[in-house]
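Down below is the structure, laid out as structure tokens.
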Amino acid sequence: MSILVEVLSWVFLIGGSVCVIIGSIGTTRFPDFWSRLHAASITDSAGMILLILGMCLQAGFTLITVKLIIIGIFLFITGPTTTHAVANAAWVSGLRPDKNTSFKEPTTKTGKSSNQKPNKN
Amino acid sequence: MRLVGTAILMMALWLLMSGIYKPLIIGFGVISVVITLWITRRMDRTDNDAVELNLGLFKSISYFGWLMVEIVKANWAVIKIILSPKMAINQHMFHIDHTQKTDVGQVIFANSITLTPGTIAVETETGGFLIHAVSYSSDDLDALADMDARVTKIEAANDV
Amino acid sequence: MMFEVTALALFVAMVMALFRLFAGPSVYDRVMAVNMFGTHTVLFIGIYGFLTERPDFLDIALLYALINFVGTIAILKFFRYRAIGDISQMPKETSEDEVGS
């Protein structure tokens with residue numbers, strides 16, 4: 001039983017490490033800001049969940065697990081909120097995806113977002 | 001009634017987080033809870049904007065189980081894009097509608113969209129979200145409509 | 001053993017986030033990199049607590065998560081409105097001026 005928990009927490013921790021590193025590779029490789037956001041959200045979702053789960057299994061049924069779960073719930077809620085805040089701020093300030101990544105201008109519904117001039121980069 | 005629930009919740013949080021059960025430390029906790037309740041009531045008088053949390057418990061839990069599976073699938077798709085030598089990026093932005101009525105339902109839907117890598121909710125105007133997708137295909141619209149229906153279902157569960 | 005591997009992986013990821021922080025062309029790249037660095041730091045503090053067998057470090061990790069979130073939102077609000085105070089009490093033209101430039 002304990003060897004099973006040990007192996008499972010190994011798998012979670014190594015998987016989380018790999019996800020975190022891949023997310024960082026994505027942020028250095030991707031060409032523009034909008035695609036980098038997606039790479040950063042791998043770290044926020046998969047890497048965070050796997051690492052917290054691995055640490056929970058390592059801690060067992062103690063108060064430490066409760067703290068880890070509270071940290072996990074907090075990051076689970078605030079991670080996408082921060083990503084949305086960064087994306088929305090960049091969108092409002094006029095940052096648009098590169099033209100050479102086959103980006104199509106959105107079909108606007110309200111016409112509010114189309115009359116802002118695009119940024120230089 | 002709301003105040004009693006808040007007090008019980010905060011006291012449980014204090015007891016779980018501190019882990020020391022001496023009378024002095026628990027007394028500090030009680031004083032903190034009383035001060036926080038007083039500030040909350042005072043803020044309620046000027047703001048008066050209570051958030052109603054009417055979600056079905058079991059349907060929420062099954063929804064989050066489904067969301068975990070979706071997160072794993074979306075992560076796998078984005079990881080494949082990152083590790084492939086030529087990154088097959090096909091960026092696209094599009095509007096979708098949402099059918100949730102309350103603010104909490106819309107927040108859950110927008111956060112679920114952003115939490116699955118590959119799609120980000122950029123603008124939350126009235127009547128629709130502006131979505132940015134990194135590798136767009138026409139299946140994305142169906143997947144997002146499916147997610148929309150599921151969130152609306154857990155929101156509507158409070159009638160039972 | 002496994003915590004050393006995880007801590008090393010997080011360290012490498014943090015170095016890459018720092019690279020994006022220095023290289024990022026726009027200010028939003030940098031804000032995104034700072035937020036990602038903060039998430040890595042929260043996880044690293046937790047792993048470090050297990051590594052040295054002092055789980056009290058988790059309190060610091062929770063506090064760091066709170067500060068990271070509030071700090072990121074404050075930076076974004078400042079770059080959008082050029083103010084951190086109450087937006088609704090500001091003069092109209094200073095809050096609308098910076099948006100879209």
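Order of the sequence lines sets the chain letters (A, B, ...), proteins ahead of strands, with each chain counted from 1. This one's a predicted model, so the numbers in the text were calculated from it and none came from an experiment. Heavy atoms only: backbone and side chains are in, while hydrogens, waters and symmetry mates are out.
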* To do: Please determine, among C:A7, C:A65, C:G46, the option with the most heavy-atom pairs under 4.5 Å with chain A.
  => C:A65
* To do: Side chain from CB out, backbone as N, CA, C, O: work out which of these in A:L37 comes under 4.5 Å of a heavy atom of chain C, or both, or neither.
  => both
* Asked: Checking heavy atoms, do the side chain of C:L58, its backbone, both or neither come under 4.5 Å from chain A?
  -> both
* Answer yes or no: does atom CD of C:E4 have more than 12 heavy-atom neighbours from other residues, nucleotides or ligands under 6.0 Å? => yes
* Say you draw a straight line from OH of C:Y28 to CH2 of A:W34; how long is it, rounded to the nearest 0.5 Å? -> 10.0 Å
* Taking only residues two or more places apart in sequence or in another chain, which ones pass ring pair (Phe, Tyr, Trp, His ring centres under 6.0 Å) with C:Y48? -> C:F57
* Asked: Given a strict heavy-atom distance threshold of 4.5 Å, which part of C:L66 is in contact with chain A: side chain, backbone, both, or neither?
  -> both
* Determine the minimum heavy-atom distance between A:F33 and C:D29, stating which atoms define it. => CD1-OD1, 3.4 Å
* Interface residues of residues 67-74 of chain A facing chain C - heavy atom cut-off under 4.5 Å -> A:K67, A:L68, A:I70, A:I71, A:F74
* To do: Starting at CE of C:M16, measure out to CD1 of A:I22 and round the result to the nearest 0.5 Å.
  => 10.0 Å
* Asked: What residues of residues 38-48 of chain A sit under 4.5 Å from chain C when only non-hydrogen atoms are counted?
  -> A:A40, A:T43, A:D44, A:M48
* Check side chain to side chain contact (heavy atoms under 4.5 Å, CB included) between A:S35 and all other residues, then give those that pass, not counting sequence neighbours. => A:F30, A:P31, A:D32, B:I89, B:Q91, B:V134
* Of C:V31, C:N68, C:N35, which meets side chain to side chain contact (heavy atoms under 4.5 Å, CB included) against A:T82? -> C:N35
* Structure fact -> Turns out that what part of A:L13 lies under 4.5 Å from chain C's heavy atoms comes down to both
* **Segment of C:T6 engaging chain A (4.5 angstrom heavy-atom cut-off)** => both
* Asked: What part of A:I25 is in contact with chain C, defined as an atom under 4.5 angstrom from a non-hydrogen atom: side chain, backbone, both or neither?
  -> both
* To do: Take A:I64 and C:F50 through the side-chain contact (heavy atoms from CB on, under 4.5 Å) test and state the conclusion after the steps.
  => CA-CA 10 Å; A:I64 300 165; C:F50 279 95; 4.1 Å; yes
* **Segment of C:V42 engaging chain A (4.5 angstrom heavy-atom cut-off)** => side chain
* Relative to chain C, which segment of A:A87 carries a heavy atom at a distance below 4.5 Å: side chain, backbone, both, or neither? -> neither
* Structure fact -> Bottom line for C:I47: the part with an atom under 4.5 Å from chain A's heavy atoms is both
* Structure fact -> Looking only at C:L76, C:T39, C:T72, most heavy-atom pairs under 4.5 Å shared with chain A are made by C:L76
* **4.5 Å side-chain heavy-atom contact, A:S24 and C:R20** => no
* Asked: Can A:S93 and C:F79 be said to form a side-chain contact (heavy atoms from CB on, under 4.5 Å), step by step?
  -> CA-CA 9 Å; A:S93 79; C:F79 276 112; over 6 Å; no
* Got C:F69 and A:T81 here, is their nearest side-chain heavy-atom distance under 4.5 Å? -> yes
* Proximity breakdown for C:I73 and chain A, heavy-atom pairs closer than 4.5 Å -> side chain
* Asked: For the atom pair CD (A:Q58) and CZ (C:F3), what is the distance rounded to the nearest 0.5 Å?
  -> 4.0 Å
* **Student check: side-chain heavy atoms of A:I52 and C:L43 closer than 4.5 Å** => yes
